[in-house]
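Heads up: the structure comes next, in structure tokens.
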Amino acid sequence: MSNLMEDVMSLCKRRAFVYPGSEIYGGLANTWDYGPYGSQLKKNILDFWWKTFVQDRDDMMGLDSAILMNPRVWEASGHVSNFSDPLMDCKSCQERVRGDKILEEHLKTTIAGLSNAEIYNKMMEEKIPCPKCKKVNWTEPRSFNLMFKTYQGVIEDTAAQVYLRPETAQGIFVNFKNILDSTRSRLPFGVGQYGKSFRNEITPGNFIFRTREFEQMEIEYFVRPEEAEKYFDQWVEDYKAFFKALNIPEDKLRLRYHERDELSHYSSKTVDFEYEFPFGWGELMGIAHRGSFDLDQHMKFSGEKLQYRDPQSNEVLTPHVVEPALGLTRAFLIVLLSAYEEQTLENGETRTVLHFAPQIAPVQVAVFPLQKQQSEPATQLYRDLKKHFRAEYDESGAIGKRYRRQDEIGTPFCVTYDFDSEADGCVTVRERDSMKQERMKIEELRAYLNERL
Ligand code: ATP
């Protein structure tokens with residue numbers, strides 16, 4: 001694994017961002033737990049997404065649908081028959097791979113729509129070796145459905161079988177009628193939903209990039225068919241702005257429009273936002289124009305009418321949908337990778353710093369007394385600030401050490417209460433990125449922080 005990934009993983013464990021799952025029992029492969037700072041950071045990214053795309057907009061609303069749904073949902077959506085990956089085993093060393101991914105890596109291009117037999121023939125034709133033992137000795141691919149199955153109720157038979165949802169999006173489509181009947185939505189309008197999704201991935205890995213349990217933030221934006229292109233392009237721009245606000249460098253992101261043969265049969269346009277991960281470019285999110293496929297399918301399978309009646313013209317139509325789908329845990333990873341820096345200072349020391357956008361930093365302001373004698377007024381100041389900001393108090397160790405500690409968790413501002421503070425009513429504010437220090441009146445502090453957080 002690359003150094004950056006290793007460094008970030010080590011910082012995550014050391015500084016309470018992400019721990020290996022069930023660690024005291026020897027772990028459970030590819031599961032991760034979000035620690036005190038990590039859970040706050042993840043929530044802050046989610047809140048920022050919700051505020052940007054749901055709360056602040058007049059054309060958007062939220063939804064929180066159940067993880068367990070009637071299994072017919074997944075028949076209608078195509079997940080029961082199509083949501084599978086070609087699983088191949090190396091007969092020499094038992095390494096298990098995804099045939100399509102191995103082929104893509106070898107050909108250095110994306111492949112889509114190939115049958116299992118075509119994948120196998122191509123692998124043999126190109127003599128693609130096993131990445132572990134380098135032999136060309138593959139089993140034929142088997143389609144492996146990625147949905148987790150479980151049972152509802154006390155009897156474990158097929159009648160009680162349900163799936164853990166592999167995406168949050170279907171909860172929006174099945175509630176389309178409820179939403180229309182209970183709100184006064186007018187096209188175009190969208191519904192945003194976040195939450196856990198589960199996929200029994202064949203090759204999870206790269207830390208939290210691909211896990212079997214993850215979180216998504218998805219939007220279904222319903223439009224008149226003739227306006228879909230326009231809103232598709234608008235969503236691409238809106239997400240570019242979103243990533244910019246999260247301090248993701250522009251040169252780490254690129255757009256990859258899907259080729260015609262790569263598109264699902266119902267999609268007329270799909271673009272992936274890709275990020276340059278330490279292991280190469282990888283998908284961060286997708287924006288797809290899905291036409292009326294999902295509403296049509298659910299109409300067919302449920303027998304319910306999932307259509308829109310224009311209140312002025314009385315025209316009845318099935319809206320088209322533009323779907324921006326982003327993984328929250330994947331967004332968390334790129335926020336950390338983009339924020340991480342090891343700097344060598346003028347005095348030769350190194351400092352590790354996370355350059356989080358201030359509004360998502362787990363701790364926004366740290367308060368220190370210069371010495372223990374000032375701990376009482378410093379604690380008072382901390383209590384006041386904590387009412388308005390995510391604040392932390394620290395009085396242990398040398399001041400330089402306390403700065404380093406806050407740099408490592410990406411705290412944008414540190415405030416020090418010193419010998420003179422009582423007399424002059426001023427404190428020193430130190431900014432994380434520039435390390436510049438400024439003295440200011442305590443009563444001006446809140447306005448100063450408000451402007452920057
Ligand atoms: P991939 O090609 O990486 O498997 P996908 O194209 O199947 O992803 P979508 O179904 O479009 O992914 O899901 C939308 C988003 O959900 C992805 O862009 C990604 O951010 C996130 N996501 C999907 N699968 C996982 C996973 N196993 N772990 C973490 N995040 C995921």
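Computed over heavy atoms, backbone and side chain alike; hydrogens, waters and symmetry mates excluded. It should be emphasised that the depicted structure is a prediction, and the values quoted were computed from it without experimental measurement. Numbering of ligands and ligand atoms starts at 1, following listing order.
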Inset, instruction - Step by step, work out the salt bridge (charged side-chain N to carboxylate O under 4.0 Å, His left out) result for Asp85 and Arg199. - result: CA-CA 11 Å; Asp85 286 334; Arg199 296 182 187 180; over 6 Å; no

Inset, instruction - Apply ring pair (Phe, Tyr, Trp, His ring centres under 6.0 Å) to Phe83 and Tyr163, showing your working. - result: CA-CA 12 Å; Phe83 195 57; Tyr163 300 100; over 10 Å; no

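Where the criterion is an N or O separation shorter than 3.5 Å, residue side chain and backbone included, Thr329 fails it with respect to ligand 1. No N or O atom of Phe214 sits closer than 3.5 Å to an N or O atom of ligand 1.
Applying the 6.0 Å contact sphere to CD of Glu259 captures no more than 12 heavy atoms from other residues, nucleotides or ligands.
Listed by number with element, the atoms of ligand 1 under 4.0 angstrom from any heavy atom of Met285 are 18 (O). Close contacts between ligand 1 and Phe209 involve ligand atoms 28 (N), 29 (C), 30 (N) [criterion: under 4.0 Å to a heavy atom]. Within ligand 1, the atoms closer than 4.0 Å to a non-hydrogen atom of Glu201 are 24 (N), 26 (C), 27 (N), numbered from 1 in the order shown.
The nearest protein atom to atom 20 (O) of ligand 1, hydrogens excluded, is given as Leu284 O, 2.7 Å; this is a heavy-atom distance. Regarding atom 1 (P) of ligand 1, its nearest protein heavy-atom neighbour is Arg210 NH1, 3.5 Å. Nearest protein heavy-atom contact of atom 14 (C) of ligand 1 is Gln216 NE2, 3.6 Å. Remark: minimum distance from atom 28 (N) of ligand 1 to any protein heavy atom is reached at Thr211 N, 3.1 Å. Of all protein heavy atoms, the one lying nearest to atom 21 (C) of ligand 1 is Gly327 CA, 3.7 Å.
The salt bridge (charged side-chain N to carboxylate O under 4.0 Å, His left out) test with Glu201 is passed by exactly one of Arg210, Lys101, Arg96: Arg210.
The shortest heavy-atom distance from Phe273 to ligand 1 is not under 4.0 Å.
The closest non-hydrogen atom to atom 10 (O) of ligand 1, taken over Arg199, Glu274, Arg212, Glu283, comes from Arg199.
Between Phe222 and Phe189, the ring planes lie tilted relative to each other; the angle falls in the 30° to 60° range. Classified by interplanar angle (parallel below 30°, tilted 30° to 60°, perpendicular above 60°), the ring pair Phe279/Phe277 is parallel. Below 30°, between 30° and 60°, or above 60°: for His289 and His320 the angle between ring planes is between 30° and 60°, a tilted geometry.
Classification of Arg290 and Asp294 as a salt-bridged pair holds, one side-chain N sitting under 4.0 Å from a carboxylate O. Checked for salt-bridge contact, Lys13 and Glu23 meet the test: a charged N lies under 4.0 Å from a carboxylate O.
Of all the heavy atoms of Asp272, none lies under 4.0 Å from any atom of ligand 1, so neither backbone nor side chain is involved.
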